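In what follows, a structure is listed as structure tokens, so that the remarks can point back to it.
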Amino acid sequence: MTTEDQDQYQDRPAPLVAVASADAVLRHPEAGEHLLTDLEHQRAARFRKESGRLDFTAGHILVRLCAGRLLDVPAAALTLAQQCPDCGRADHGKPFLPDHPDVHVSLSHTQGVVAAAAGYAPVGVDVELAARGGTLQGVAERVLTPAELALVEAAPEPDRAFLRMWVRKESLIKIGRASMDTLAEVDLSALPLDVPADGPLRSRYQDLHLLDWTDPEHGAAVAAVSTAEPQVVELTAGG
């Protein structure tokens with residue numbers, strides 16, 4: 001990012017990042033399935049399990065809440081869309097706000113936990129549950145550099161260490177700095193793996209600001225990345 005690019009973000013609010021349980025999001029005063037577009041309703045209906053449908057819905061609501069906080073508008077005033085740059089279809093791909101092309105958004109959902117981000121600077125977020133069987137085996141060698149793999153294998157809890165690397169790399173995909181095919185070429189081995197329990201870990205990778213933390217209620221690993229320093233906000237009921 002050039003100095004000119006950095007200057008344009010200095011006069012803008014910081015990117016906002018939020019993580020919460022799906023239940024908490026759905027209890028938010030502004031929440032409701034009326035916020036979703038027809039296409040989002042169709043996508044939600046494809047989930048075989050009700051829990052998956054609710055996670056999807058909560059994630060798509062939380063990203064509207066983040067963007068609404070950033071723009072100081074109600075979540076109901078925002079339309080969320082997606083488009084795949086490869087096939088052009090609108091049922092997957094990077095999310096965006098058609099009426100606010102200068103705002104970047106990102107969202108992620110796992111079993112019972114959702115995360116979202118919105119900012120005037122590019123931003124990406126990912127959340128994954130720590131309790132995932134067989135995460136490390138057969139995957140780490142395909143997505144980690146040799147230095148990263150050595151750190152993960154030497155960690156007291158290799159699966160949790162890998163999960164921390166994984167959410168970081170997923171957030172880089174969300175921001176467009178990596179792809180599934182290039183993850184093993186992105187070396188984050190200089191970043192600490194230990195995340196404090198009392199708040200997010202802030203670090204840097206090249207021109208990017210990284211946030212790492214663990215959702216205390218669910219033990220989920222969360223990572224967010226942006227070209228401007230993100231701010232963690234509470235957007236659930238009462239926040």
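Nothing here was measured: the structure is a model prediction, and the numbers come from that model.
- To the nearest 0.5 Å, atom CG of residue Asp187 and atom OG1 of residue Thr145 are 3.5 Å apart.
- A donor and an acceptor atom, one from each side chain of Ser179 and Asp181, are nowhere located under 3.5 Å apart.
- We find that Glu229 and Arg202 are joined by a salt bridge, their nearest charged nitrogen and carboxylate oxygen being less than 4.0 Å apart.
- When every heavy atom of Ala67 is checked against every heavy atom of Val105, the shortest pair comes out as CB-CG1, 4.4 Å.
- Between His100 and Asp102 there is a side-chain heavy-atom pair separated by less than 4.5 Å.
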**OP:** Under the side-chain contact (heavy atoms from CB on, under 4.5 Å) rule, what do Phe162 and Leu144 come out as? Steps first, then yes or no, please.
**Re:** CA-CA 9 Å; Phe162 171 74; Leu144 300 182; 3.8 Å; yes

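- Nearest heavy-atom pair, Val25 versus Ala58, reported as atom, atom and distance to 0.1 Å: CG1-O, 3.5 Å.
- At a threshold of 4.5 Å between non-hydrogen side-chain atoms, the residues Pro230 and His209 count as touching.
- A salt bridge does not link Asp194 with Arg160: none of the charged nitrogens is closer than 4.0 Å to a carboxylate oxygen.
- A side-chain donor from one of Arg164 and Thr214 sits under 3.5 Å from a side-chain acceptor of the other.
- The main-chain N or O of Ser106 is never found under 3.5 Å from a side-chain atom of Lys174 such that the two would form a donor-acceptor pair.
- Looking only at side-chain heavy atoms (C-beta outward), His104 and Tyr120 stay at 4.5 Å or farther from each other.
- Residue Arg46 qualifies as enclosed at atom CZ: its count of foreign heavy atoms under 6.0 Å is above 12.
- Residues Val63 and Pro95 fail the side-chain proximity criterion, which asks for heavy atoms closer than 4.5 Å.
- A 4.5 Å side-chain heavy-atom check between Leu70 and Val103 finds at least one atom pair inside the cut-off.
- Put simply, the side chain of Thr227 reaches to within 4.5 Å of the side chain of Asp207, judged on heavy atoms.
- Phe56 has its side chain out of reach of Val114: every pair of non-hydrogen atoms, C-beta onward, lies at least 4.5 Å apart.
- Put simply, Val152 and Val167 are part of two different groups of oily side chains (I, L, V, M, F, W, Y) that touch within less than 4.5 Å, one to the next.
- Between Ala18 and Cys66, the shortest heavy-atom contact is CB-SG, 3.8 Å.
- For the residue pair Ser108 and Asp126, a side-chain donor N or O sits within less than 3.5 Å of a side-chain acceptor on the partner.
- Criterion: ILVMFWY side-chain heavy atoms under 4.5 Å apart, direct or through other members. Under it, Leu39 and Phe96 are not part of a common hydrophobic cluster.
- Test Leu163, Asp212, Leu211 against Arg168 for side-chain contact (heavy atoms from CB on, under 4.5 Å) and you get one pass: Asp212.
- Atoms CG and CD, from Leu188 and Glu148 in turn, are 5.0 Å apart once rounded to the nearest 0.5 Å.
- Crowding of Gln111 atom CD: a count of heavy atoms from other residues, nucleotides or ligands under 6.0 Å not exceeding 12.
- Taking 4.5 Å as the limit, every side-chain heavy atom of Thr37 sits out of range of all side-chain heavy atoms of Leu80.
- Atoms CG and CZ, from Leu107 and Arg64 in turn, are 9.5 Å apart once rounded to the nearest 0.5 Å.
- Pairing each heavy atom of Glu30 with each of Ala75, the nearest pair is OE1-N, 2.8 Å.
- Rounded to the nearest 0.5 Å, atoms OG1 (Thr57) and CG (Leu62) are 12.5 Å apart.
- With no hydrogens or angles considered, no side-chain donor-acceptor pair links Glu185 and Thr182 at under 3.5 Å.
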Subject >> Derivation of the side-chain contact (heavy atoms from CB on, under 4.5 Å) call for Gln82 and Lys94 >> reply: CA-CA 5 Å; Gln82 289 179 254; Lys94 184 175 176 61; over 6 Å; no

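- Under the 4.5 Å side-chain contact rule for hydrophobic residues, Val123 and Leu16 do not share a cluster.
- With salt bridges taken as basic N to acidic carboxylate O contacts below 4.0 Å, one links Arg53 and Glu50.
- Asp23 contributes atom CG, which lies 8.5 Å from atom CG of Asp55 (distance to the nearest 0.5 angstrom).
- Between Ala161 and Ala155, the closest heavy-atom pair is CB-CB, 3.6 Å.
- When hydrophobic clusters are built by joining Ile, Leu, Val, Met, Phe, Trp and Tyr residues whose side-chain heavy atoms come closer than 4.5 Å, directly or via intermediates, Val143 is grouped together with Leu191.
- Taking each heavy atom of Leu201 and Pro196 in turn, the nearest pair found is CB-CD, 3.9 Å.
- Taking the six-membered ring for Trp and thresholds of 30 and 60 degrees, His60 and His109 have ring planes inclined between 30 and 60 degrees apart.
- One distance of note links CG of Leu26 with CG of Leu54; it measures 6.0 Å at 0.5 Å rounding.
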**OP:** May I have the step-by-step check of side-chain contact (heavy atoms from CB on, under 4.5 Å) for Leu71 and Leu78, ending in yes or no?
**Re:** CA-CA 10 Å; Leu71 294 163; Leu78 300 173; 3.9 Å; yes

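- Between Ile173 and the options Val186, Leu183, Val225, a side-chain contact (heavy atoms from CB on, under 4.5 Å) holds for only Leu183.
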**OP:** Show your working on side-chain contact (heavy atoms from CB on, under 4.5 Å) between Val222 and Val113 and close with a plain yes or no.
**Re:** CA-CA 10 Å; Val222 188; Val113 188; 5.9 Å; no

